[in-house]
**Student:** 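Have a look at this one.
Reckoned from all heavy atoms, side chains included, excluding hydrogens, waters and symmetry mates.
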Amino acid sequence: MKETEWPREIWAAQPDPDDAEGRHVFSEHATVPRFEGDSERDCVFHRYVDGDIVDSADRYHREMLIAARARADAAEAERDRLRAELGRLREDAGRYRWLRARDLDTIQSGGVFAGKTPENLVLNLEDLDAAIDAARHHGDRGNG
């Protein structure tokens with residue numbers, strides 16, 4: 001989205017207070033006489049805000065609000081995605097902690113356990129961590 005600029009101020013002065021035609025000098029900046037006797041600028045400038053500037057200010061604030069809402073919506077969507085991912089990772093971590101804490105006797109008593117072949121060893125705790133890390137670092141992805 002194109003960045004909307006702040007509305008500019010309009011400074012206006014009536015060069016001759018007795019001018020019946022109502023002529024004014026307009027400027028985008030508060031101005032001062034350019035030289036001594038500058039009849040166009042040797043007068044009091046006043047800041048004016050006309051309908052166009054009010055409309056552009058309203059449009060600016062509306063567009064800024066829309067952009068802020070879009071950023072907020074994107075941030076909320078990312079937060080929701082990260083929360084869902086965190087939930088899945090917590091489930092995986094819980095499963096691993098459960099598997100890691102299995103008793104070495106599990107093979108005799110039945111149930112789920114982690115093992116290493118061809119040695120037919122039941123692994124748990126730090127031994128299981130080390131075996132998984134070694135397999136992962138050597139490119140053995142197995143089923144995970």
**Student:** Test of understanding: clusters of I, L, V, M, F, W, Y form through side-chain heavy atoms closer than 4.5 Å, transitively. Do Ile132 and Trp98 belong to the same one?
**Tutor:** yes
**Student:** Tell me, which pairs form a side-chain hydrogen bond (donor to acceptor under 3.5 Å, both in side chains) where one or both residues lie in residues 66-80, sequence neighbours left out?
**Tutor:** Glu78-Arg81
**Student:** So, using side-chain contact (heavy atoms from CB on, under 4.5 Å) as the criterion, who are the partners of Arg88 when residues are at least two apart?
**Tutor:** Ala84, Glu85
**Student:** What residues, two or more places apart in sequence or in another chain, satisfy side-chain contact (heavy atoms from CB on, under 4.5 Å) together with Arg95?
**Tutor:** Glu91, Asp92
**Student:** Quick one: salt bridge (charged side-chain N to carboxylate O under 4.0 Å, His left out) partners of Asp103, sequence neighbours excluded?
**Tutor:** none
**Student:** Taking atom NZ of Lys116 and atom CG of Leu121, what is their separation to the nearest 0.5 Å?
**Tutor:** 7.5 Å
**Student:** Who passes side-chain contact (heavy atoms from CB on, under 4.5 Å) against Asp129, sequence neighbours left out?
**Tutor:** Tyr96, Arg100
**Student:** For residues Leu123 and Ala131, report the shortest heavy-atom separation together with the two atoms involved.
**Tutor:** CD1-CB, 3.6 Å
